[in-house]
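Read the structure below first, then the notes.
Below, each value reflects all heavy atoms present in this structure, side chains not excepted, and no hydrogens, waters or symmetry copies. Just so it is clear: chains get the letters A, B, ... in the order the sequence lines come, proteins before strands, and each one is counted from 1. What you are looking at is a predicted structure, and each value in this text was computed from that prediction instead of being measured.
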2 protein chains.
Amino acid sequence: MMVVANKRNKEGKASMCCQQEFIRKLRERGFRLTPQREMVLSVLHDLEDHATVEEIHARVQKLNSAVDLATVYRTLELLQEFGLLAVIDLGDGLHRYELTSIHGSHHHLQCRRCGKLIRLEQHQLQPFLEALQQQLGFQAEAEHLIIPGLCQACQAEEAAQAHACAA
Amino acid sequence: MMVVANKRNKEGKASMCCQQEFIRKLRERGFRLTPQREMVLSVLHDLEDHATVEEIHARVQKLNSAVDLATVYRTLELLQEFGLLAVIDLGDGLHRYELTSIHGSHHHLQCRRCGKLIRLEQHQLQPFLEALQQQLGFQAEAEHLIIPGLCQACQAEEAAQAHACAA
DNA sequence: ATGGGTGCAAAATGTTTGCACCTTT
DNA sequence: AAAGGTGCAAACATTTTGCACCCAT
């Protein structure tokens with residue numbers, strides 16, 4: 001029995017390009033593309049940003065409320081093994097996920113004061129990674145670095161605060 | 001009642017330099033330096049490398065087996081608030097800790113194949129962090145980045161393996 | 001006496017696993 | 001029939017919390 005898992009195909013976008021890849025990798029190992037797996041993939045596909053397991057599960061349940069959290073975990077694990085899924089750890093004890101094929105390799109600057117995440121594209125990191133290769137022989141495969149610090153706005157506010165204290 | 005928490009003072013090294021800092025920050029907030037906190041700090045001080053909570057707890061228990069895990073957690077939390085403690089997440093679900101004052105700001109290159117950690121000093125990262133400031137106005141405070149990739153040895157082995165498959 | 005700190009046990013959180021049942025091939 | 005996949009519940013691991021009691025000021 002097939003469940004409608006991706007309503008967006010009618011829009012004609014090359015939607016779910018990653019589904020082909022997923023199916024291929026599943027078949028390679030004798031695994032199947034089930035409606036549940038399709039739904040998880042679809043939800044991941046539609047994320048503008050990375051999401052936690054709970055968020056993914058909640059969205060999947062809107063499509064079919066019977067889908068279990070354990071199934072979501074199991075599917076995410078598969079996607080990770082296949083290298084299709086990036087795992088992001090912001091240090092708050094929650095893992096966040098996103099499809100690598102959709103968002104491309106990128107990184108985040110995380111403001112420790114306001115929490116804002118600033119996207120950093122792979123190419124902005126490239127010179128640094130190349131230096132690692134040349135100087136240390138290390139071939140970096142950084143897909144998702146989180147660099148903590150202070151965003152521009154918060155730098156200003158902290159400076160203002162320091163002023164106020166001094167006065 | 002005072003418990004001997006740091007046997008190494010007799011060696012004459014400027015041992016436990018961080019203890020002064022810890023005491024000062026505690027006092028600032030009306031908190032106390034207890035034997036338990038002293039022991040946790042001492043254990044952290046003697047680590048060659050970062051350690052998990054369990055490892056720290058085990059070492060503290062060698063000094064006084066009554067010390068509770070919860071106390072270790074509470075002390076680590078304090079040290080974090082004071083900015084004296086670096087938390088490292090290698091992605092295996094365990095947090096590792098080390099005193100910033102002892103080991104200095106540094107980072108790690110982590111080989112995804114053999115698991116080896118290669119130390120990367122702060123100054124090796126500096127040009128990149130400065131570029132972030134100049135180009136994006138972001139003031140990075142990266143204290144402990146983990147950059148995944150392949151170490152030199154494993155690059156060679158992967159290449160050899162690829163050859164073998166082709167043949 | 002006031003308030004911080006501890007140990008202990010319970011709870012909360014996030015994730016994994018065992019298993020009976022269902023589904024696809 | 002064989003093998004994979006699911007939902008459910010229980011198990012797990014890590015971390016946090018509530019509380020009675022202890023200790024320092």
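Checked against side chain to side chain donor-acceptor pair (under 3.5 Å), A/Gln122 has the following partners two or more places apart in sequence or in another chain: A/His107, A/Gln126. Scored by the side chain to side chain donor-acceptor pair (under 3.5 Å) test, B/Arg24 finds B/Glu21, B/Glu28 as partners (sequence neighbours excluded). For A/Leu117, the side-chain contact (heavy atoms from CB on, under 4.5 Å) partners two or more places apart in sequence, or in a different chain, are A/His50, A/Leu90, A/His108, A/Gln110.
Summarising the local packing, CZ of B/Arg113 is surrounded by more than 12 heavy atoms from other residues, nucleotides or ligands at distances under 6.0 Å.
Using a 4.5 Å heavy-atom cutoff, the side chains of A/Leu76 and A/Leu44 are in contact.
Here C/dT25 presents its P atom at 15 Å from CZ of A/Phe31, a figure rounded to the nearest Å. Between the P atom of C/dG7 and the NE2 atom of B/His57 lies a distance of 8 Å, rounded to the nearest Å. Going from atom CD of B/Gln61 over to atom C1' of C/dC8 covers 13 Å, rounded to whole Å. Counting to the nearest Å, the P atom of C/dC22 and the CD atom of A/Gln36 are 15 Å from each other. What separates CD of B/Gln80 from P of D/dT15 is a distance of 10 Å, to the nearest Å. Between A/Leu26 atom CG and C/dT23 atom P the separation is 20 Å, expressed in whole Å. Put simply, CD on B/Glu28 is 16 Å from P on C/dG4, counting in whole angstrom units. Look at CG on A/Leu94: it is 13 Å from P on D/dT15, rounded to the nearest Å.
At the phosphate of C/dT25, neither OP1 nor OP2 sits under 4.0 Å from any side-chain N or O atom of A/Arg32. Side-chain N/O atoms of B/Thr34 include none lying less than 4.0 angstrom from OP1 or OP2 on C/dG4. Here A/His95 does not reach the OP1 or OP2 of C/dG14: none of its side-chain N or O atoms lies under 4.0 Å away.
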List, one per line, each side-chain donor-acceptor pair under 3.5 Å for residues 127-143 of chain B, sequence neighbours excluded.
from: B/Glu141; atom 1: OE1; to: A/Arg112; atom 2: NE; distance (Å): 2.8
from: B/Glu141; atom 1: OE2; to: A/Arg112; atom 2: NH2; distance (Å): 2.9
from: B/Glu143; atom 1: OE2; to: B/Ser105; atom 2: OG; distance (Å): 3.2

Show me the side-chain donor-acceptor pairs of residues 79-89 of chain A shorter than 3.5 Å, one per line, residues at least two apart or across chains.
from: A/Glu81; atom 1: OE1; to: A/Arg29; atom 2: NH1; distance (Å): 3.1
from: A/Glu81; atom 1: OE1; to: A/Arg29; atom 2: NH2; distance (Å): 2.9
from: A/Asp89; atom 1: OD1; to: A/Gly91; atom 2: N; distance (Å): 2.7

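Each of B/Arg27 and A/Leu78 lies near DNA chain D, and the nucleotide nearest A/Leu78 is the one positioned closer to the 5' end.
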Distances for protein N or O near nucleotides 16-20 of chain C N or O, under 3.5 Å:
none

